[in-house]
Asker: 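Quick one: the structure is below, questions incoming.
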Amino acid sequence: MTKPKIEPGDEVSGPILGIETSCDETAAAVLDANGLVLAEALLSQVGDHAPYGGVVPEIAARAHLAHLPSLVSGVMRQAGVAYAELAGVAATAGPGLIGGLIVGTGLAKGIALAHNLPYVAVNHLEAHALTARLPGLSAEPVQFPYLLLLVSGGHCQCVLVQAVARYRSLGGTLDDAVGEAFDKVGKLLGLPWPGGPALERLAASGNPERYPFPRPLLGRPGCNFSFSGLKTAVAQEVARHPPGSLSARAAADMAASFQRAVAEVLADRVAHAIEMAEGVRLVVAAGGVAANAAIRHELFAALHVRGLKLFAPPPRLCTDNALMVAWAGHERLRLGLSSALDFEPRPRWPLTSL
Amino acid sequence: MSQSSPSRRLDLPNVAGTEALAARVAELSRPGDAILLEGPLGAGKSTFARAFLRAASGDPSLEVPSPTYTLVQSYETRLGWVHHYDLWRVDNPSALIELGWDDARTSILLVEWPERLGQLRPQSALTIRLAHGEQESRQAELLGWPGRIAQIGMQKTP
């Protein structure tokens, strides 16, 4: 087994390689010993300029396998770092699609074994949770504890981040994740995949007050979420129009009204979550939906009136990437938390079971 | 779907009706079954799947996250393994092979957007087509399960 090169409390002794393959993105990155970015690369089927209406999700482990080795050697070359100089290798080990997880962790473990390096099996959600602490992102370093609002296609939850490896779930979605609602409403409005960014662009020219869509769970105790009913309400509004007759005006107004409903619900739920997380003054937003400017604005306003701060990493770090995996590896190795090489990838792996 | 497949229609007055139907179908399910859920967005496929998995596991508060992004979520239940697939993002049935489809066939399958299955659609499946009615109400059309379909929908939905 690997001998940890790092003792608890130490700074990390060298660069860290991070690998992300839990869903559609194949990504690799190298951070230096201080957590500054040396190199990063990301391949996604979901490109901004996807020329086809329906993008084929890169669900095949085969696709990760085809791209990952060259991506990793590319970032290592770009970083100017030899494998033996690394302080550790980190890979997303869950939650996610098992095929991709096996490819990413397999390569990471192989590198760790070959060069006698510590290996870190990273929880994808923890990587999102810790991204805000990446050096250089904010003027003041983000300190524990803080409230994490994780809002993406696959996840929707409020988590109290107490320390590395210490999380308390305050609430989550009872049905759809919010990003999923964005994508599905986008599809209803005839937008290309992924629906989230396209819907945000369409909403920019729409009237957010035209359609009084429901605000599920608004004002209710706790900070659970529900988006299924909102999605259904939009579907029913769209269904009132004969196929093909939805005007550009109506589509934009629906997009804007839907986005407003989501933003108001998220702001309300976060306000409740903050009350549950005694003493916490900072909210960190992460995940693809946190890249939405209207949502950020609504959250900022709702927290500002309560004297609370909102921090959201730049959009490219809100969505899946390997920098966050390398950084989670850095945070864990600094505490001496490496993983055994027989750690199995976990398709389901709640933050609260780290 | 062969033409001789039996079918029946049920009116589901509200969400509880969809949930009661799901619980009844779960009671009648056994390893090797496939339950295919068709219908437009918002018709109640996910509601059905959640209620089915909660009934199958005997845990009324079981968390059932949508598998739209992970494509499949697996649950160990009182009925054995149940694999909950959501094929909304899948355009090519061959991708299913990499999602463990062949191995999963010996367990219970719960499939949303089964239209994407193409040739892989199991002949012996129970297909449930959900459609919007007025407000909360839904209609369910059931096809398949010649030996068991008559036992579904006998109960009064709340």
Side-chain angles (χ1 to χ4, degrees), chain A residues 22-24 45-46 52-65 94-101 124 152-157 169 172-177 179-181 183-185 187-188 193-194 224 227-239 288 320 347-348 350, chain B residues 14-15 18-19 39-51 53-54 60-76 81 83-101 103-104 112-113 116 130-138:
Chain A
S22 66
C23 198
D24 294 342
Q45 285 293 94
V46 191
Y52 310 104
V55 175
V56 181
E58 188 123 37
I59 59 177
R62 187 162 20 91
H64 287 300
L65 192 57
L97 266 173
I98 189 66
L101 297 174
H124 181 85
S152 69
H155 305 284
C156 186
Q157 49 186 303
S169 174
T173 184
L174 303 175
D175 39 61
D176 296 352
E180 180 180 356
D183 283 340
K184 289 190 167 167
V185 166
K187 182 121 175 173
L188 284 170
W193 173 278
N224 283 335
F227 292 103
S228 178
L230 175 56
K231 171 190 74 184
T232 302
V234 180
Q236 287 175 334
E237 190 59 48
V238 171
D320 291 353
R348 299 170 74 192
Chain B
N14 49 31
V15 172
T18 303
E19 291 170 345
L41 282 177
K45 298 182 298 299
S46 298
T47 300
F48 182 103
R50 187 175 307 110
L53 284 159
R54 286 177 174 174
S61 60
L62 179 74
E63 276 195 36
V64 180
S66 165
T68 295
Y69 288 82
T70 54
L71 304 166
V72 58
Q73 292 276 0
S74 302
Y75 300 82
E76 200 165 7
W81 282 96
H83 302 286
H84 179 199
Y85 283 85
D86 181 335
L87 307 182
W88 191 66
R89 294 201 305 144
V90 174
D91 291 330
N92 185 350
S94 67
L96 283 166
I97 302 304
E98 306 207 23
L99 292 173
W101 180 260
D103 291 339
E112 299 186 46
W113 301 98
R116 314 280 204 270
L130 293 162
H132 287 282
E134 289 296 309
Q135 309 216 335
E136 268 197 42
S137 74
R138 301 287 187 271

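A note on names: the letters A, B, ... follow the listed sequences, proteins ahead of strands, and every chain is numbered from 1. In this text, all values refer to a predicted model and were calculated from it rather than measured experimentally.
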Asker: Flag the one option from A:Thr173, A:Asp176, A:Asp183 with the top tally of heavy-atom pairs under 4.5 Å to chain B.
Answerer: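 Among A:Thr173, A:Asp176, A:Asp183, the one with the most close pairs to chain B is A:Asp183.
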
Asker: Give the C-alpha distance, both sets of side-chain angles, the deciding distance and a yes or no for side-chain contact (heavy atoms from CB on, under 4.5 Å) between A:Glu180 and B:Trp88.
Answerer: CA-CA 11 Å; A:Glu180 180 180 356; B:Trp88 191 66; over 6 Å; no

Asker: Is it true that B:Arg89 and A:Asp24 make a salt bridge, defined as a side-chain N closer than 4.0 Å to a carboxylate O?
Answerer: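 Salt bridge: yes.
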
Asker: Would you name the heavy atoms of B:His132 and A:Thr232 that are closest together and state the gap between them?
Answerer: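 Smallest interatomic distance, heavy atoms only, reads CE1-CG2, 3.8 Å.
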
Asker: Report the distance from atom SG of A:Cys23 to atom CG of B:Leu71, rounding to the nearest 0.5 Å.
Answerer: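 So the SG of A:Cys23 and the CG of B:Leu71 are separated by 7.0 Å.
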
Asker: Measure distances from B:Gln73 to the heavy atoms of chain A and classify the residue's part below 4.5 Å as side chain, backbone, both or neither.
Answerer: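 The side chain, not the backbone.
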
Asker: If only atom types and distance count, is the side chain of A:Arg348 paired as donor or acceptor with the main-chain N or O of B:Tyr75 below 3.5 Å?
Answerer: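 No; zero donor-acceptor contacts below 3.5 Å.
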
Asker: Given a strict heavy-atom distance threshold of 4.5 Å, which part of A:Ala177 is in contact with chain B: side chain, backbone, both, or neither?
Answerer: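 Answer is neither: A:Ala177 stays 4.5 Å or more from chain B.
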
Asker: With chain B as the partner, which of A:Val185, A:Val234, A:Val238, A:Asp175 has the greatest number of non-hydrogen pairs under 4.5 Å?
Answerer: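 The residue among A:Val185, A:Val234, A:Val238, A:Asp175 with the greatest pair count is A:Asp175.
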
Asker: Check whether A:Ile98 gets within reach of chain B through its side chain, its backbone, both or neither, counting any heavy atom under 4.5 Å.
Answerer: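 No part of A:Ile98 comes within 4.5 Å of chain B.
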
Asker: Around A:Gln236, counting heavy atoms of other residues, nucleotides and ligands shown, do more than 12 lie under 6.0 Å from its CD?
Answerer: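 Enclosed: over 12 neighbouring heavy atoms sit under 6.0 Å from CD of A:Gln236.
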
Asker: Tell me, side chain or backbone of A:Lys231 under 4.5 Å from chain B's heavy atoms, or both, or neither?
Answerer: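 The side chain, not the backbone.
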
